[in-house]
Number of protein chains: 2
Amino acid sequence: MSSPASPARGRPPRLDRARTLRTALDLLDRSGLDALTMRRLADAMDVQAGALYRYFATKQDLLTAMAERMMDGVADAAAGSGDWSEQLAALARAMRTALLAHRDGARVFAGTHSTGENTLGFADAVVGVMRAAGFPDDDAARALHTTVNFTVGHTLEEQAALQPGSSSPDVLAGAVAAGAYPHLAASLPALTSTDFTRHFEFGLAVLIAGLRARR
Amino acid sequence: MSSPASPARGRPPRLDRARTLRTALDLLDRSGLDALTMRRLADAMDVQAGALYRYFATKQDLLTAMAERMMDGVADAAAGSGDWSEQLAALARAMRTALLAHRDGARVFAGTHSTGENTLGFADAVVGVMRAAGFPDDDAARALHTTVNFTVGHTLEEQAALQPGSSSPDVLAGAVAAGAYPHLAASLPALTSTDFTRHFEFGLAVLIAGLRARR
DNA sequence: ACCTGAACACCGTTCAAGT
DNA sequence: ACCTGAACACCGTTCAAGT
């Protein structure tokens, strides 16, 4: 029972999961997900690429661990903040904030399926809020999916739009102007607006009103 | 004015956008998105990889054209099918069906931003339904985003779960059993259910009820 | 005009060998 | 035990040259 936890016998390792994860999140913030390669991460740690595979079996494993780390503390957002709808809103907002805290955070999260304690703790908190509010277990589970879907989907769009090289507004405006899309033309201001918090709050309010109606 | 549309002068080209797109969608269905490389696509068309770049500037361009093609006809789903809520539901269901029609269809769509007529026509139809129902232009635009977010997000999960090698249910059940997640444990049947149509219809009903409450 | 051939600058991953 | 060095089997993209 001392083999995995034995004290440093030879030289101290230059690598370990925690330090690698920190460096990977730093690199993500500086360079974005497309530039986060195992080779570049190894460079940032002054190590050969192959050495990373002692701590993460695959790149997918590393990304999953990064997503799990991003969710640290998010489950605590509901603590005593009013009724179920306010608690659900607090959890969704905290998740959006956590994803926004890292460049391409939503893409990292969307591409993984963590079953770590932060992610499952968050899910448990959401389902707990719904069950306490009187929703059947099945509906509570489905409300979790809908809430996470919405939050991740929204933040994916938000971070895609904010990134350099995203010419979305102009391109969209041009395409709408060139074609026969009367309804898109009429709603173009909101369609090309970058007030993402308003978009998010609209969707969240719709989601909560819909859940309330189904209780 | 005859230069781009001039009749075949030399040998007939082995490549063109339409044929390449068809082959790419075939390859996607047979092998999945991860195996859809420019080199493998070129192989399937008996051509060198570089030749594809005469018709698509980048791989991203090709994927965008594929997404656009998947959306063919989806905008017509709302034609005279009851009130606004039934029309919105019909559009969302048609989009899910269109994405499910191709392996990794949701991933392809989520990774692109088509401004083609199928995609914009669908968006115009959704916004049109909402405006006709009396929603303000801004809310109609935001309802579009919420609806597309939900539909793509749901179908992403659905296709991820249905794919080979996706051990989601067991892994999740194991993780929930190992940790202290009372609410997840209680709702595990719904959480691990593969009746995705029910999940989708639940979210859609919540979305529509929420929109109705805000009108 | 359309495609080939070959290169450029990369990837993730594996694994014998060193220390 | 931990990491290096080097390889394997690929990528997307570019572009001179052929036909």
Side-chain angles (χ1 to χ4, degrees), chain A residues 1-24 27-28 30-67 104 107-108 111-112 165, chain B residues 1-24 27-28 30-67 104 107-108 111-112 165:
Chain A
M1 46 184 48
S2 70
S3 121
S6 59
R9 183 74 63 149
R11 20 178 185 287
R14 324 223 296 279
L15 252 39
D16 64 81
R17 279 183 67 98
R19 204 170 95 75
T20 305
L21 234 28
R22 272 199 307 275
T23 310
L27 189 54
L28 177 70
R30 284 202 312 274
S31 316
L33 182 56
D34 292 336
L36 178 66
T37 67
M38 296 301 265
R39 286 162 192 268
R40 281 205 251 237
L41 175 58
D43 268 5
M45 306 195 76
D46 277 309
V47 108
Q48 297 294 313
L52 296 171
Y53 289 84
R54 193 164 300 272
Y55 301 94
F56 299 94
T58 62
K59 184 183 184 181
Q60 189 61 29
D61 255 47
L62 171 69
L63 290 169
T64 301
M66 291 169 70
D104 291 329
R107 264 173 79 198
V108 171
T112 60
Chain B
M1 52 183 48
S2 68
S3 121
S6 61
R9 183 73 62 149
R11 11 173 194 291
R14 324 224 293 280
L15 250 40
D16 64 81
R17 280 183 68 97
R19 202 170 95 75
T20 305
L21 235 27
R22 273 199 307 274
T23 310
L27 189 54
L28 178 70
R30 284 202 310 274
S31 316
L33 181 56
D34 293 336
L36 178 66
T37 68
M38 296 301 266
R39 287 163 192 268
R40 281 205 252 236
L41 176 56
D43 269 3
M45 306 194 76
D46 276 309
V47 107
Q48 295 295 311
L52 296 171
Y53 288 84
R54 193 164 300 271
Y55 302 93
F56 299 93
T58 62
K59 184 184 183 181
Q60 189 62 29
D61 255 48
L62 171 70
L63 291 169
T64 302
M66 290 169 70
D104 291 328
R107 265 173 80 197
V108 171
T112 60

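Letters A, B, ... are given to chains in the order of the sequence lines, protein chains preceding strands, and every chain is numbered from 1.
Under 4.0 angstrom from either OP1 or OP2 of C:dC10 there lies no side-chain N or O belonging to A:Arg40. The side chain of A:Arg14 places no N or O atom within less than 4.0 Å of a non-bridging phosphate oxygen (OP1 or OP2) of D:dA1. Between A:Arg54 and C:dT13 there is no side-chain polar atom (N or O) within less than 4.0 angstrom of OP1 or OP2. For the pair A:Tyr55 and D:dC3, the criterion of a side-chain N or O lying under 4.0 Å from OP1 or OP2 is met.
Rounded to an integer number of Å, the gap from CG of A:Asp46 to P of D:dC2 is 18 Å. With rounding to whole Å, A:Arg19 atom CZ is found 14 Å from D:dC2 atom C1'. Whole-Å rounding puts the B:Leu33 CG to D:dC11 P distance at 13 Å. A:Met45 places its CE atom 9 Å from the P atom of D:dC3, with the value rounded to the nearest Å. For the pair B:Asp34 CG and C:dG12 P, the interatomic distance rounds to 14 Å; values are reported in whole Å. The separation between A:Leu52 atom CG and D:dT4 atom P is 10 Å, rounded to whole Å. Remark: P of D:dT4 and CE of A:Met38 are 14 Å apart, rounded to the nearest angstrom. In this structure, B:Leu62 places its CG atom 15 Å from P of D:dC11, rounding to the nearest Å.
Of the C1' atoms belonging to C:dC2 and D:dA17, the separation is 13 Å, rounded to the nearest Å. Distance check on atom C1': D:dA16 versus C:dC3 gives 13 Å, rounded to whole Å. For the C1' atoms, the distance from C:dA7 to D:dC11 is 14 Å, rounded to whole Å.
With C:dG12, D:dC3, C:dT4 as the candidates, the nucleotide lying closest to the side chain of A:Pro13 is D:dC3. Considering only side-chain atoms of B:Gln48, the nucleotide from C:dT4, D:dT14, D:dC3 that sits closest is C:dT4. The side chain of B:Ala49 approaches D:dT13 more closely than any other nucleotide in the set D:dA7, C:dT14, D:dT13.
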Q.
Does A:Arg17 form a salt bridge (Lys or Arg N to Asp or Glu O under 4.0 Å) with A:Asp61? I'd like the steps, not just the answer.
A. CA-CA 11 Å; A:Arg17 279 183 67 98; A:Asp61 255 47; 5.2 Å; no
Q: Please report the C-alpha distance between A:Val47 and A:Leu41 in whole Å, then the side-chain angles of each, then the deciding distance to 0.1 Å, and finally whether the side-chain contact (heavy atoms from CB on, under 4.5 Å) criterion is met.
A: CA-CA 9 Å; A:Val47 108; A:Leu41 175 58; over 6 Å; no
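For the pair A:Arg19 (side chain) and A:Arg14 (backbone), a donor-acceptor distance under 3.5 Å is present. Remark: side-chain polar atoms of A:Gln48 are not paired, donor with acceptor, to backbone N or O of A:Asp43 under 3.5 angstrom. Side-chain atoms of A:Asp104 come within 3.5 Å of backbone N or O of A:Leu33 as a donor-acceptor pair.
Figure legend. C:dA6 is base-paired to D:dT14; pairs are counted as Watson-Crick or G-U wobble with both atom distances under 3.5 Å. The base-pairing partner of C:dT19, taking Watson-Crick or G-U wobble contacts with both distances under 3.5 Å, is D:dA1.
A distance of 4.5 Å separates CE in B:Met66 from CG in B:Leu28, rounded to the nearest 0.5 Å.
The 5' end of DNA chain C is approached more closely, in terms of each residue's nearest nucleotide, by B:Arg39 than by the other of A:Ala57 and B:Arg39.
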